[in-house]
Every structure is written in structure tokens, then in C-alpha cells.
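So the structure is just underneath, and the comments pick up after that.
Read the numbers this way: they start at 1 and go in the same order the structure lists the ligands and their atoms.
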Amino acid sequence: MTANLDAIASLCKRRGFIYHSSEIYGGMPGFWDYGPLGCELKRNVKDAWWQFMVRGRDDVAGLDATIIMHPRIWKASGHLDTFADPMTMCKDCKKLMRADQLESILAEQKKPPKPRNPPGTGMCPYCGGELTEPKPFNLMFKTVVGPVDDPSNVAYLRPETAQAIFAQFLNVHDTSRKQVPFGIAQEGKSFRNEVTPRNFIFRSREFEQMELEFFIRPDEAVEILFGRVVHLSDGPDVHGDPQPEWGWDVWHMYWVEQRKKFLREIGLPEEHFIEYWQKPDELAHYARACVDIEYDFPFGRQELEGIAARSDFDLSQHQKFSGKSMAVFDEQLKLAARKMDDAAKEAFAAKTAAEWEKRGKDAGEARAFCAELFEGRFVPHVIEPSAGVDRLMLALLCQAYDEETLDDGKGGKDVRTVLRFSPKVAPVKVAVFPLVKNDPAVMSIARDIFGKLRRKVNAFWDVSGQIGRRYRRQDEAGTPWCVTVDKQTPEDGTFTVRERDSMAQERMTYEAFLAKMYAALEF
Ligand code: GAP
């Protein structure tokens, strides 16, 4: 079904997925807290990403860096100078808005107002008055490090996790014993002082990212090594294992396919997301390609995550600003270059210079780059799959939310609200219910089964209310299985397993249930 954002937000509040931050003081726009079910869902999304992108591979290493870093990082990355949105203010009502979002703000205002906009937070409706000239507004949150509030001590909360990966590239390269092509992954908080945070947790001021920087050889190095570069036009199998002859465009497509595979595995059907290839005039100047994976949210089609081919821009910028070489040494490349005579090297350098010039780059720099390549040295290029945890959680909630109309058995209708999460991300995997409270044998064996299950997965114990009510409570939490222990259990060791989606019930043993559950949880 097409989920309604208000119904989802209300379920999230009611069932303890998501609350307004600082709610007892009126809340803070753009800040959200995750309750008992929300933090389990979040943990599962992050663990699934980590398993798929890091532990499940042998060419990716992890990193957990600080949120506040040396401010020069943001100068080198370009965030200090260009990470800004155009901001405008109404001269009459003083509402601040993103100049590029006026249309959608006006459309949203036509809807009935929501009760929760706290006063004094710039969240009043726009009166339609005259606007000031748009001005760039830098989205980074500033802070001061140390006891002296002086401009020289200003630092920033990171607006993305990616830059720490570039700043630590050499350390990870030297200590992880990995050679290019390889990746560094990080999950963690990012902060953006968004002018208009909106659409529940879709655009927040504090959120989490899951980013991979996958470092590859420049195509010119691949050509020296293997005598050819495989491009997309050669029809490589981008679903199979990576190949050393791949050029940047094949690596980029490979990661687009990997990301789509991940999204399918955690419960977003392929027909609900769309691959948007940015047009050449939409690309950042250093980017060679960028794909947004978009999802049909209830408020429209919006970016879920992005996969960018960023050339050697980031590492080269840090090399320039830090004065530290970001080049790696590739023994194989040096040996391959040694087999080229002077004429072959000159022809290679001339061809490279001509190609770089066509891309608006300097021919002299191309020749210097080739001279380094012949010595086995280069600054790696990077492919960056970058995802937002909160945004993915919202997509999963929208995808999972369902209101199913059932016969109530008395000739009427009954609506069942159910979150049809994939078991891989479901906050609670299994709930255990003793059918009756007053039978010590049933209680004891149910407690025993619950005790064994909770050591393996997040399990939930519920003894209160009719069994039907208990099932419905778990449907709303998205729990895939409910185990009901009854009088037969002490006799033959079987219990009833009720499936959330079909509501079908089947008797099975503990071992049979474990096998069923593990099969559904495995990546
Ligand atoms: N390092 C690249 C980068 O940060 P981005 O497109 O600005 O790229 C990547 O952000 C992802 O982070 C987005 O696709 C989105 O999922 C998430 N994201 C960005 N800004 C966000 C915000 N204000 N609130 C929630 N998620 C956000």
C-alpha cells in the first residue's frame, strides 16, 4: 500500500520507534530520538550494512573516527567554502527558507497545519510576503575546542563521515595490509544545520551515515599493468567478482549493483527504487559519474543514497593541504612499466596528455602523472557509495507499513496494522507467549524457551492479555514470529509458531524453529 507519513509517524511514536528530541521542552526541529524499537531497527540496519560491505568481503576495512576533526580538513574538502544552501527570509513574517524549496514549502502549507511546530524556531507558516535576496548559508555546525572562545579555536561537527576516511587513508593502508583496489568503511553521526529539516527523519540536522570509500587504480595504471582497460561498453559481468582489468566506470557500476542487492536483501523490492544517473551539468566538477538511488516516499520520489565516482579529487586535495603524499606504491605496476621502452613510455604519456586535455585538464600535469606511474606510484581514485541510516530506516518503515482489512468473524471488518519488515532488520525477531499464566509447567517451559532464544536474538516476553491482542501488538512492532507455549509443549516439546505476514500457525520443535529463523536471517 502507499503509506501515509502521518500514520507512520503516529505508529512510530505510539510503539516507541521515534520520538521528538527534547519533547518535554517542546522539541527541536530536525532532531529525533530512537526509542526501544527504533534503536533496535537502527542497530540492525547498521549491522546489516557492515556485514554486507565490510565483514562479508576481504577488500574492505573499517574505521571509527572522531566527529570533530582538524578544521583544515573542511578547507581541503571544499565544505568551508561551498557547503551551503541558498537561504531567503520573508521581510514580513521573518520565516527563513531555502530559496530552492519555496514551491514545496507553499504546497505543504496548503495542507492542514500540524500541532507540533514549536514557537520561535522559524517554523511559522510563510505569509507570502516579499523575500530577501538569497544568500549562501553554510550548513556546518560550529563549535569551539578548549576553554578560549577565539576564532582560532573554531572547529566543526562533521557534515559527512567520508572526510575522516580520506584523512586516515595512509594509516589504514599501511596497517590493514590491503592493496588498492580496496575500501575503507565508516558508520557514524553527521551534522548539517539544514535550513528546513522536513519530512520526519528524512532530512534531519543530526543523522547517521554509512559510507564506503573504495580506492581503485587510475585507468592509466590498469592499462600499463594489463595492456587494456575493461569498460562498460565491453559488457563485463558487474554482478560477478571484481576483476583487476576493470576501469573506473565498471567499478562504479559494480557498486551501484552491490548497493541495489543490499537494499533488496533488507526488504526494499527493486520495483520501489529508481536509479537516477546525474546529467553531466549536475555533476560536481571533479565527479565522473553519480547515481542516486531514489525511493518513492509518501511525500514524493527522493534520494535514498548515492554512488559517486569522485576521481582522485579528495586524496589530491588532502595531499595539497596537508603537504603529505597520498600516493601508494604498486610494485606490480613498476615491474610492468619497466618492460616499456622509452618510445612506448613517450607514446603513452602523449596519449594520456591528449586525453586529459579533452577533459579540460592540464597536459603538463598528465605527463608528471605518467612519470610517477612509470615508477609505480599514483594517488588512488575513489568510488563512494554513501547512505543515510535514518533515511533508509524511513524507507523501510514506509515499505513495511500495512493496514490489512480482515473479517472480524462477526460479519464486520477489522483493520490489522502490521510492519512487514524483513526478519534481517526487524527490531524483535521473536516473541514468546505462554498461553496461560496459571499453569506452572507451561510458564516454566515458556520461560526456558525465551531464555534460550534471547541469548541468540532480540526476543520479547509477553504474558498479558488475550493471545490475539498479543499477536497484534507484535504485528505493529514488525516481529516476524510469535511462539506460543501451551499444555502440549511440556508433553512433546512442540509449540505454535505464528507467522506475522500470513498469520499461519504451525507446530514445531525448538530446533526446527531455530533452523527456520536462521535461514531467514542469513545474508
Ligand atoms: N560523502 C557524500 C555525502 O555525504 P550526501 O548526498 O550529501 O553525500 C549522503 O549524503 C547520504 O546521507 C544521503 O543520500 C542521505 O541518505 C544522507 N543524508 C544527507 N543529508 C541528510 C540529512 N540532512 N538527514 C538525513 N540523511 C541525510
Looking only at heavy atoms, what is the nearest atom pair of E305 and S386, with distance?
CB-O, 3.2 Å

A student checking ligand 1 against A162 at a 4.0 Å heavy-atom cut-off should list atoms 1 (N)

Closest to atom 9 (C) of ligand 1 among protein heavy atoms sits S386 OG, 3.0 Å

Interfacing atoms of ligand 1 (cut-off 4.0 Å, heavy-atom, E303)
6 (O), 13 (C), 14 (O)

Answer yes or no for T161: is there a heavy-atom contact with ligand 1 below 4.0 Å?
no

Name the residue from I383, V238, V291 that meets the side chain to side chain contact (heavy atoms under 4.5 Å, CB included) definition with M253.
V238

Could you walk me through whether Q101 and T196 satisfy the side chain to side chain donor-acceptor pair (under 3.5 Å) test, starting with their C-alpha distance in whole Å, then the side-chain angles of each, then the deciding distance to 0.1 Å, before giving a yes or no?
CA-CA 9 Å; Q101 287 181 344; T196 39; 2.6 Å; yes

Taking the ring centre of each residue, are F83 and W74 less than 6.0 Å apart?
no

May I ask you to list the atoms of ligand 1 that are less than 4.0 angstrom from any heavy atom of E384?
1 (N), 2 (C)

Looking at ligand 1, does any of its N/O atoms fall within less than 3.5 Å of an N/O of G388?
yes

Ligand 1 to L304, heavy atom cutoff 4.0 Å, flagged ligand atoms 14 (O), 15 (C), 16 (O)

Quick one: look up the protein heavy atom nearest atom 25 (C) of ligand 1 and list residue, atom name and how far away it is.
F202 O, 3.1 Å

Looking only at distances, please establish whether an N/O atom of ligand 1 is found under 3.5 Å from an N/O atom of E194.
yes

Can you name the closest pair of heavy atoms from F321 and R72 and give their distance?
O-NH2, 2.9 Å

Can you figure out which of E211, R203, M210, Q209 has its heavy atom closest to atom 12 (O) of ligand 1?
Q209

Can you confirm, on distance only, whether ligand 1 has an N/O atom lying under 3.5 Å from any N/O atom belonging to E213?
no

Rounded distance [0.5 Å steps], CD in E213 versus CD in Q186
9.5 Å

The test is side chain to side chain donor-acceptor pair (under 3.5 Å); show your working for D390 and Y34 and say whether it passes.
CA-CA 10 Å; D390 314 69; Y34 292 100; 2.7 Å; yes

Can you find an N/O atom of P159 closer than 3.5 Å to an N/O atom of ligand 1?
no

Describe, in one word, how the ring planes of W277 and H252 are oriented to each other, choosing from parallel (under 30°), tilted (30 to 60°) and perpendicular (over 60°).
perpendicular

Out of R158, R192, E294, E160, whose heavy atom is nearest to atom 20 (N) of ligand 1?
R192

Is the closest side-chain donor-acceptor distance between Q399 and Y295 under 3.5 Å?
yes

Suppose I only count heavy atoms of S204 and a 4.0 Å limit; which atoms of ligand 1 are within that range?
22 (C), 23 (N), 24 (N), 25 (C)

What protein heavy atom sits nearest atom 26 (N) of ligand 1, and how far away is it?
F207 CD1, 3.5 Å

Might you point out which heavy atoms bring L263 and L392 nearest each other, and give the distance in Å?
CD2-CD1, 3.7 Å

